[in-house]
Student: 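One structure, pasted below without further comment.
Numbers restart at 1 for each chain; the letters A, B, ... are given by sequence-line order, proteins then strands.
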2 protein chains.
Amino acid sequence: MSFRYALENYIKNPSFEKEARVYEDDKFVVIKDGFPKATIHYLILPKDLKISKQNPLTVFKNKELREDTSKIISQIREKILKRLRDEFNIEEDEDFIQVGVHSVPSMNNLHVHLVTRDFNSERLKHKQHYNSFTTKFFVNFEDLPLRDGDERLDADTMEKVKKTSDQICVYCGKNYKNKFAELKKHLTQEFNDKYKNKKRKIEVIEID
Amino acid sequence: MSFRYALENYIKNPSFEKEARVYEDDKFVVIKDGFPKATIHYLILPKDLKISKQNPLTVFKNKELREDTSKIISQIREKILKRLRDEFNIEEDEDFIQVGVHSVPSMNNLHVHLVTRDFNSERLKHKQHYNSFTTKFFVNFEDLPLRDGDERLDADTMEKVKKTSDQICVYCGKNYKNKFAELKKHLTQEFNDKYKNKKRKIEVIEID
DNA sequence: GAATCATAAC
DNA sequence: GAATCATAAC
């Protein structure tokens with residue numbers, strides 16, 4: 001089996017990677033992305049294999065699926081906001097969570113990304129990672145299903161967008177062109193300025 | 001001027017990058033490496049340009065230089081141990097600080113590395129970084145000057161060592177072969193187990 | 001030295 | 001998707 005079906009394990013095998021699962025019901029499983037590209041990065045996987053193998057850009061023509069997924073998204077958004085507050089001391093609203101699909105997914109099982117818009121993660125390692133979430137390569141859930149003729153249905157065009165688009169800082173809009181290393185440093189700075197530098201830390205040495 | 005002479009600025013221009021300088025006298029300047037490969041990573045630069053352009057493997061035949069450098073090393077070691085304690089809450093002894101030169105330096109101005117043996121740094125990004133400090137590519141200061149016929153004088157051999165040696169964990173000796181990503185994850189784990197997980201942290205939100 | 005890009009093999 | 005390796009251009 002190709003790496004392209006790695007997500008199928010979560011659907012087929014209820015005991016596979018239980019620690020990665022953050023929500024589950026009869027129709028969906030929600031997991032932590034194994035290589036999170038931001039502070040919080042989840043994937044919603046519909047369990048129905050007939051649905052799972054379809055194209056994410058058109059499968060949401062299925063109204064029941066679309067509505068069920070919408071409900072899951074709402075629930076998971078709340079979960080994320082809570083975890084941001086409790087675990088990361090980050091107070092944000094729903095808009096901070098970006099929801100949608102990659103126009104050209106590498107993984108073949110249908111998965112909807114929920115990702116916080118900080119892009120502060122050591123797993124974010126190159127331009128294509130960044131651009132896959134910050135250009136039109138990323139298709140917002142509200143835009144689904146795409147209509148016939150939508151340019152985002154053209155995989156070659158979208159791949160090119162991901163590969164060749166300039167890198168724009170999501171915090172301040174500055175254009176980092178092809179300078180990923182500089183962008184990366186800047187993202188860390190922006191994140192720390194916004195969240196971390198507001199805190200004062202006290203370290204206490206534990207007595208063994 | 002090639003990037004190979006980037007360090008020369010520190011020698012020629014007393015006001016260049018003052019923040020990077022951690023020690024300075026008439027004969028030497030010690031700077032923080034711009035891309036530190038461990039918690040603390042300094043470079044000792046002799047200021048004399050006639051010395052600076054010579055081969056690090058043989059230049060320490062000059063007894064005065066060798067003794068002067070030895071004294072600087074002792075002083076800087078103490079500085080590093082203090083900074084480890086005060087700034088990083090790390091209690092270690094002199095052996096924790098590795099001192100020497102690269103057998104094939106990329107930078108042409110003579111520089112002696114002082115690096116802590118944790119190799120916990122986001123700037124450590126690939127096998128050649130790691131191997132340049134953990135194989136015989138790294139020549140300990142006590143071995144200098146090398147004697148005629150020492151294999152480490154052969155640049156091609158040493159480049160090959162750096163490129164092709166297996167990656168061995170400096171903490172536990174485990175062989176990570178060519179798996180840099182795994183080694184990297186493991187180094188973080190080892191570092192945290194050894195230093196960070198001993199501490200209990202309390203975060204206090206600052207009142208604006 | 002860093003950094004971008006392309007390319008296998010999984 | 002990740003990860004290793006090689007290769008320009010600075």
Student: Quick one: which of C:dT4, C:dG1, D:dT4 gets closest to the side chain of B:Ser132?
Tutor: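 Between C:dT4, C:dG1, D:dT4, the one nearest the side chain of B:Ser132 would be C:dG1.
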Student: CG of B:Leu7 versus P of C:dG1: gap in Å, rounded?
Tutor: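 Computing the B:Leu7:CG to C:dG1:P distance gives 9 Å.
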Student: If the condition is side-chain hydrogen bond (donor to acceptor under 3.5 Å, both in side chains), which residues does A:Arg83 pass it with, not counting sequence neighbours?
Tutor: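 So A:Arg83 forms a side-chain hydrogen bond (donor to acceptor under 3.5 Å, both in side chains) with A:Tyr42, A:Glu87.
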Student: Tell me the interatomic distance from B:Gln167, atom CD, to D:dT4, atom C1', rounded to whole angstroms.
Tutor: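 Taking CD of B:Gln167 and C1' of D:dT4, I get 10 Å after rounding.
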Student: List the residues meeting salt bridge (Lys or Arg N to Asp or Glu O under 4.0 Å) with A:Asp143, not counting sequence neighbours, and say none if there are none.
Tutor: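 With neighbours one apart ignored, the set is A:Arg152.
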Student: So which of B:Phe28, B:Phe141, B:Tyr23 actually passes side chain to side chain contact (heavy atoms under 4.5 Å, CB included) with B:Ile44?
Tutor: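 The residue from B:Phe28, B:Phe141, B:Tyr23 that satisfies side chain to side chain contact (heavy atoms under 4.5 Å, CB included) with B:Ile44 turns out to be B:Phe28.
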Student: Roughly how many Å is it from NE2 in B:His186 to P in D:dA3, rounded to a whole number?
Tutor: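 About 17 Å, once rounded to whole Å.
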Student: Is any side-chain N of the basic residue among A:Glu151 and A:Lys136 closer than 4.0 Å to the acidic one's carboxylate O?
Tutor: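 Yes, A:Glu151 and A:Lys136 are salt-bridged.
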Student: Within residues 27-57 of chain B, find the residues that approach DNA chain C with a heavy atom at under 4.0 Å, and present them sorted by residue number.
Tutor: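 Only B:Phe35, B:Lys37 qualify.
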Student: Whether the side chain of B:Ser121 engages the backbone of B:Thr39 through a donor-acceptor N/O pair (distance < 3.5 Å, no angle test) should be reported.
Tutor: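 No, because the side chain of B:Ser121 does not come within donor-acceptor range (under 3.5 Å) of the backbone of B:Thr39.
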Student: For the side chain of A:Phe180, counting heavy atoms from C-beta on, which of C:dT4, C:dG1, D:dG1 is nearest?
Tutor: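 Per side-chain heavy atoms of A:Phe180, the pick is C:dT4.
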Student: In whole Å, what is the span from the CZ atom of B:Phe137 to the C1' atom of C:dG1?
Tutor: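 It is 11 Å, rounded to the nearest whole Å.
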Student: Residues two or more places apart in sequence or in another chain: which of them pass salt bridge (Lys or Arg N to Asp or Glu O under 4.0 Å) with B:Lys12?
Tutor: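 So B:Lys12 forms a salt bridge (Lys or Arg N to Asp or Glu O under 4.0 Å) with B:Glu8.
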Student: Who are the side-chain hydrogen bond (donor to acceptor under 3.5 Å, both in side chains) partners of B:Thr134, not counting sequence neighbours?
Tutor: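 B:Thr134 satisfies side-chain hydrogen bond (donor to acceptor under 3.5 Å, both in side chains) with no residue once adjacent residues are dropped.
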Student: Can you list, in residue-number order, the parts of residues 99-112 of chain B that come under 4.0 Å of DNA chain C, counting heavy atoms only?
Tutor: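 B:His102, B:Ser106, B:Met107 - these, ordered by number, are the residues of the stretch whose heavy atoms sit under 4.0 Å from the strand.
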Student: Name the pairs: protein N/O against N/O of nucleotides 5-10 of chain D, kept only if under 3.5 Å.
Tutor:
unit_1: D:dC5; atom_1: OP1; unit_2: B:Asn178; atom_2: ND2; d: 2.5

Student: Can you see if the side chain of A:His129 gets near the phosphate of D:dG1 - specifically, an N or O under 4.0 Å from OP1 or OP2?
Tutor: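 Checking A:His129 against D:dG1: no side-chain N or O falls below 4.0 Å of OP1 or OP2.
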Student: Show the nearest heavy-atom pair for residues A:Ala20 and A:Tyr10, with the distance to one decimal.
Tutor: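 Looks like CB-CE2, 4.1 Å.
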Student: How close or far is atom C1' of C:dT4 from atom NE2 of A:His126, stated in whole angstroms?
Tutor: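 Atom NE2 in A:His126 sits about 12 Å away from atom C1' in C:dT4.
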Student: Please tell me if the side chains of A:Ile76 and A:Lys79 come closer than 4.5 Å, counting only heavy atoms from C-beta onward.
Tutor: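 Sidechains of A:Lys79 and A:Ile76: in contact.
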Student: Separation of A:Leu124 atom CG from D:dG1 atom P, in whole Å?
Tutor: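 Atom CG in A:Leu124 sits about 12 Å away from atom P in D:dG1.
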Student: With pairs defined as Watson-Crick or G-U wobble and both distances under 3.5 angstrom, please note down DNA chain D as a dot-bracket string, | for pairing with another strand.
Tutor: |........|
Student: Going by side-chain hydrogen bond (donor to acceptor under 3.5 Å, both in side chains), name the residues that satisfy it together with A:Glu17, two or more places apart in sequence or in a different chain.
Tutor: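 Checked A:Glu17 against side-chain hydrogen bond (donor to acceptor under 3.5 Å, both in side chains); zero matches.
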Student: Whole-Å distance between C:dG1 C1' and B:His113 NE2?
Tutor: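 For the pair B:His113 NE2 and C:dG1 C1', the rounded distance is 10 Å.
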Student: Can you list the residues that meet the salt bridge (Lys or Arg N to Asp or Glu O under 4.0 Å) rule with A:Glu78, with sequence neighbours excluded?
Tutor: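 Expected list: none.
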Student: Mind checking salt bridge (Lys or Arg N to Asp or Glu O under 4.0 Å) for B:Glu24 and listing every partner two or more places apart, or none if nothing turns up?
Tutor: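 Checked B:Glu24 against salt bridge (Lys or Arg N to Asp or Glu O under 4.0 Å); matches are B:Arg21, B:Lys47.
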Student: Whole-Å distance between D:dA3 C1' and B:Tyr176 OH?
Tutor: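 From B:Tyr176 OH to D:dA3 C1': 16 Å.
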Student: What residue pairs, at least two apart or across chains, pass side-chain hydrogen bond (donor to acceptor under 3.5 Å, both in side chains) with a residue in residues 167-176 of chain B?
Tutor: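 Sorted pair list: B:Asp166-B:Asn175, B:Tyr176-B:His186.
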Student: With a 4.0 Å cut-off, would you call B:Glu19 and B:Lys32 a salt bridge?
Tutor: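 Between B:Lys32 and B:Glu19 there is no salt bridge, as every charged N stays at least 4.0 Å from the carboxylate O atoms.
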